[in-house]
J.: 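I'd like to ask you about the structure that follows.
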Amino acid sequence: MEPAEGNIKSLNFIEAIIEEDLKNGKHKDKIHFRFPPEPNGFLHIGHAKSICLNFGLAEKYNGLCNLRFDDTNPTKEETKYVESIQEDIQWLGFKWHDKPYYASDYFDQLYEWAVQMINEGKAYVDEQTQETISQQRGVPTRPGTESPYRNRPVEENLELFERMKNGEIKDGSMILRAKVDMSSPNMHMRDPIMYRVLHAHHHRTKDKWNIYPMYDYAHGQSDYIEGITHSLCTLEFEIHRPLYDWFLDQVADGPRPRQIEFARLNLSYTVMSKRKLLELVNKNLVSGWDDPRMPTISGLRRRGYTPESIRDFADRIGIAKRDNVIDVSLLEFSVREHLNRIAPRVFGVLDPIKVILTNYPEDKVEVLEIENNPEDPESGKRKIPFSREVYIEREDFMENPPKKFFRLGPGSEVRLKGAYIIKCEDFKKDEQGNIVEIYCTYDEATKSGGHDQRKVKGTLHWVSVDHAIDAEIRLYDRLFLDEDPAGHKDVDFKEFLNPDSLKVLQNCKLEPSLKDAVAGDKFQFQRLGYFCVDLDSKPEHLVFNRTVPLRDSWTKNN
RNA sequence: UGCCUGAUGGUGUAAUUGGCAACACGUCUGAUUCUGGAUCAGAAGAGUCCAGGUUCGAGCCCUGGUCGGGCAACCA
């Protein structure tokens, strides 16, 4: 994963800014980033991009990165989300500076600054209705009109704001507004709201506050309080930057943070908004935030993705300002790449059909040695029992195979991997015409590792019937059938849900070494794909998730 | 019709003060393989949204367009 020597990865535009600043000695202390999630949902792969960016930059430039919960809206935020967010960041392998920070820790300071702004005539209490205020704000093409309360005396503002804080004011009946510019072409500058009245219980400050600051006011000030140097956010906040700077102007006298925007991640065949993901969860269209089909970090984790693969993915997609849609296959490439290196190879038959080796002794059991991972010489070997009856994959046999079918068919030969070359002599069908048993002979001289170098085109995975253990296997496919499910004006994204995104297979046959596998263990089921043990798995009922199939140039071309 | 912003192979990202458009994924060949995986070798694929201009020379600079994204929550 390290770039080859001489192949230095070029800087993205944010790194270019940082290096320029560093060169000019702009930052006296360490550069300081922050990742500021709102605890109102689980983190997804788009957040992973941002996490890798912020924490990654801190690592690269020997700086710091805070985790700060942007918890200014108690009506949507919950403790369970702050817990999952911390778990996900740590799982990805990043460490935040010091301790988790919270915007709510700054409510007192924010309040004081607001009072100061009132005193300086830069903020006022407005008591018009929401509709009126919205109307007065006007439209982007025409200036807004000023509120009749805009120039009310400081004393009055002070008193009213105090009453708002003390809980004497009804929700929605008064707000504190910054006095900026009602005629600005930037709607965010038309006297933005700083505080609203909310008699809501906050997950941390409990019932202390009856007013809560808005994002625009709280965010930049929080950055400033924490000494953030680079405040990275997504493109939709670009238009907020003048306001971000304006609020900073009101209080800052030292070095101030600089907001830089980059394009958020879009992934094909999925949705990436917390609102939509929440909807899938609430309507039970998925099993939860960590459903393996979800693009959440917890979903990917349960699906069998590794932190390394996600960080590698984040690395590959880069950072820029133009809108982008990354193909999910790139994410899949990253997991395969990592799992190929680390996942032990095992045999598992998803759709078993019995093969009987007619010339193999009835009671004989051979213990064969097979290497665990040809990609990893350190991984050693394991023992696997072989006997007269084995299961192979149903689709590895065809009664009338096409020309280039390298597997089993009447009269043809294949190798059972790690064992012998076998030849199909006959097969049996039931009344419905389904093949139920295949009869083969084995060639004793072709035992794996022996001297006979006879080659056959096909190699199959298999499991000894008497030694097989049963398992449930969950096969996942993309959650949506449309490349951009949320991109249709007239069709709800849920219309594009893939009805076959989950297939549960029972009575799959696995090699006995898998008996003690525990949740999270990852394997390559030879010739099939990468699988991991699911959270639901129990010793008496193993459950595996398919993380991703192997690349397959056969089915792709047929 | 206002403001902000972007445009480079199919996808994503590069291209130092203007100097032969590069890398990765994908695709296609071939080699190799006891995984139709992996690996290795190679190829095709853009002349940089358009039109002008400056320059010996423009993806980079200038002018004017076109197209895409965002902005009018007491959300973040």
Side-chain angles (χ1 to χ4, degrees), chain A residues 3 7 9-12 16 36-38 40 70-73 75-77 103 126 129-130 133-135 137-144 171-177 184-190 193-198 211-212 214-216 218-219 233-242 261 263 268 274-275 315-327 329-330 332-334 336-337 340-341 345 347 370 374-375 404-407 414-419 421 446 448-449 453 455-461 524-529 549-558:
Chain A
N7 178 20
K9 210 177 169 211
S10 51
L11 303 178
N12 63 49
E38 181 187 13
N40 68 343
D70 220 336
D71 54 351
T72 56
N73 185 358
T75 64
K76 289 184 178 172
E77 295 150 8
D126 200 337
T129 64
Q130 201 168 144
I133 289 173
S134 165
Q135 270 171 23
R137 201 172 349 247
V139 291
T141 49
R142 278 195 310 279
D171 278 17
S173 57
M174 277 185 201
I175 54 171
L176 182 72
R177 287 228 255 176
S184 171
N186 181 342
M187 297 297 287
H188 295 280
M189 301 298 273
R190 323 249 260 224
I193 297 172
M194 293 172 65
Y195 274 95
R196 75 280 216 191
V197 177
L198 236 41
I211 53 173
Y212 291 91
M214 300 290 292
Y215 166 84
D216 284 301
H219 195 86
C233 63
T234 44
L235 251 27
E236 66 268 31
F237 292 101
E238 207 155 24
I239 195 134
H240 294 243
R241 194 180 342 122
E261 311 83 13
S268 63
K274 277 196 269 186
R275 204 207 97 239
D315 228 51
R316 287 171 185 280
I317 59 177
I319 298 293
K321 293 197 75 159
R322 90 182 82 150
D323 295 316
N324 61 84
V325 182
I326 306 296
D327 201 297
S329 62
L330 189 63
E332 295 179 341
F333 170 84
S334 287
R336 286 199 188 99
E337 165 114 327
N340 178 47
R341 296 197 327 261
R345 272 56 172 170
F347 290 161
I370 298 196
E375 304 293 321
K404 284 205 162 175
F405 188 74
F406 302 149
R407 312 177 195 177
V414 295
R415 172 172 289 280
L416 294 181
K417 186 168 174 71
I421 290 178
T446 60
S448 197
Q453 292 305 308
K455 302 228 184 290
V456 284
K457 200 73 177 153
T459 301
L460 307 185
H461 60 279
Q524 185 197 92
F525 284 13
Q526 207 114 121
R527 300 213 305 135
L528 297 175
L550 251 30
R551 277 187 74 214
D552 182 357
S553 52
W554 164 252
T555 50
K556 196 181 68 181
N557 295 323
N558 289 275

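Atom set for the values below is all heavy atoms of this structure, side chains included, hydrogens, waters and symmetry mates excluded. First the proteins, then the strands, lettered A, B, ... as listed; each starts at 1. Owing to the predicted nature of the structure, the values given are computational and were not obtained by experimental measurement.
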J.: Given the C1' atoms of B:G19 and B:C61, what is the spacing between them in whole Å?
T.: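 Between the two C1' atoms, the distance is 15 Å.
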J.: If every non-hydrogen atom of A:Arg196 is compared with every non-hydrogen atom of A:Thr72, which pair is closest and at what distance?
T.: NH1-O, 3.4 Å
J.: If the glycosidic angle is within 90 degrees of 0 it's syn, otherwise anti, so just tell me which one B:G47 is.
T.: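 Syn conformation for B:G47.
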J.: Are the side chain of A:Arg527 and the backbone N or O of A:Thr459 linked by a donor-acceptor pair below 3.5 Å?
T.: yes
J.: Write down the distance separating the C1' atoms in B:U32 and B:G42, rounded off to the nearest Å.
T.: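 Comparing C1' positions in B:U32 and B:G42 gives a spacing of 15 Å.
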J.: Is it true that a side-chain atom of A:Arg415 and a backbone atom of A:Lys457 form a donor plus acceptor pair closer than 3.5 Å?
T.: no
J.: Using whole Å, what does the distance between atom P of nucleotide B:G12 and atom CD of A:Glu332 come to?
T.: 17 Å
J.: What interatomic distance, in whole Å, is found between C1' of B:G26 and the corresponding atom of B:A44?
T.: 13 Å
J.: Nucleotide by nucleotide, 5' to 3', does protein get under 4.0 Å of the base (B), only the sugar-phosphate (S), or neither (-) in nucleotides 32-50 of chain B, counting heavy atoms?
T.: --BBBBS------------
J.: Mind checking the P distance from B:A46 to B:A21? Whole angstroms is fine.
T.: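 One P to the other, the span is 13 Å.
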J.: Taking B:C60 as the reference, what is the distance to B:G53 when you measure between their C1' atoms (whole Å, please)?
T.: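 Straight-line distance between the two C1' atoms is 15 Å.
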J.: Do any side-chain nitrogens or oxygens of A:Arg316 fall under 4.0 Å of OP1 or OP2 in B:C23?
T.: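 For B:C23, OP1/OP2 do not have a side-chain N/O of A:Arg316 under 4.0 Å.
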J.: Within the 3.5 Å criterion, strictly below it, is a donor on A:Asn73 or A:Thr75 matched to an acceptor on the partner's side chain?
T.: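 There is such a pair (donor and acceptor under 3.5 Å, judged by atom type) between the side chains of A:Asn73 and A:Thr75.
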J.: For A:Lys556 and B:G26, what is the distance between atoms NZ and P respectively, to the nearest whole Å?
T.: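 Between P of B:G26 and NZ of A:Lys556: 9 Å.
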J.: Work out which heavy atom in A:Phe406 is nearest to a heavy atom in A:Val414; give both atom names and the distance.
T.: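 For A:Phe406 and A:Val414, the tightest heavy-atom pair comes out as O-CG1, 3.8 Å.
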J.: Please report the distance, rounded to the nearest Å, between CD in A:Glu261 and C1' in B:C3.
T.: 15 Å
J.: What interatomic distance, in whole Å, is found between C1' of B:C74 and the corresponding atom of B:G6?
T.: 32 Å
J.: Under a 4.0 Å threshold between the charged nitrogen and the carboxylate oxygen, would A:Glu337 count as salt-bridged to A:Arg316?
T.: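 Salt bridge flag = yes for A:Glu337 with A:Arg316.
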J.: For B:G12, take OP1 and OP2 only and decide whether either is under 4.0 Å from a side-chain N or O of A:Lys321.
T.: no
J.: A:Ser184 side chain to A:Asn186 main-chain N or O, any donor-acceptor pair under 3.5 Å?
T.: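 Such a contact is found between A:Ser184 side chain and A:Asn186 backbone.
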J.: Walk along nucleotides 65-76 of chain B from 5' to 3' and tag each nucleotide B, S or - by protein heavy-atom contact under 4.0 Å, base first, then sugar-phosphate.
T.: ----SBSBSBSB
J.: Got a salt bridge between A:Glu38 and A:Lys76, using NZ or NE/NH1/NH2 to carboxylate O under 4.0 Å?
T.: no
J.: Atom CG of A:Asn324 and atom C1' of B:A24: how far apart are they, to the nearest Å?
T.: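 It works out to 15 Å between those atoms.
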J.: In whole angstrom, give me the gap between the C1' atoms of B:C28 and B:C71.
T.: 45 Å
J.: Counting N and O atoms only, with roles assigned by atom type, does the side chain of A:Asn12 sit under 3.5 Å from a partner on the main chain of A:Ile319, one being a donor and the other an acceptor?
T.: no
J.: Might you point out which heavy atoms bring A:Ile370 and A:Phe347 nearest each other, and give the distance in Å?
T.: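 Of all heavy-atom pairs spanning A:Ile370 and A:Phe347, the closest is CD1-CE1, 3.7 Å.
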J.: Mind checking the P distance from B:G9 to B:G47? Whole angstroms is fine.
T.: 8 Å
J.: For RNA chain B, produce a single dot-bracket line, 5' to 3'. Pairs: Watson-Crick or G-U wobble, both distances under 3.5 Å. Symbols: ( ) within strand, [ ] crossing, | other strand, . unpaired.
T.: .((((((..((((.....[..)))).(((((.......))))).....(((((..]....))))))))))).....
J.: For the pair A:Tyr215 and A:Phe237, name the ring-plane relationship: parallel under 30°, tilted 30 to 60°, perpendicular over 60°.
T.: tilted
J.: Give a yes or no answer on whether the side chain of A:Asp552 reaches the backbone of A:Thr555 with a donor-acceptor pair at less than 3.5 Å.
T.: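 Answer holds: yes.
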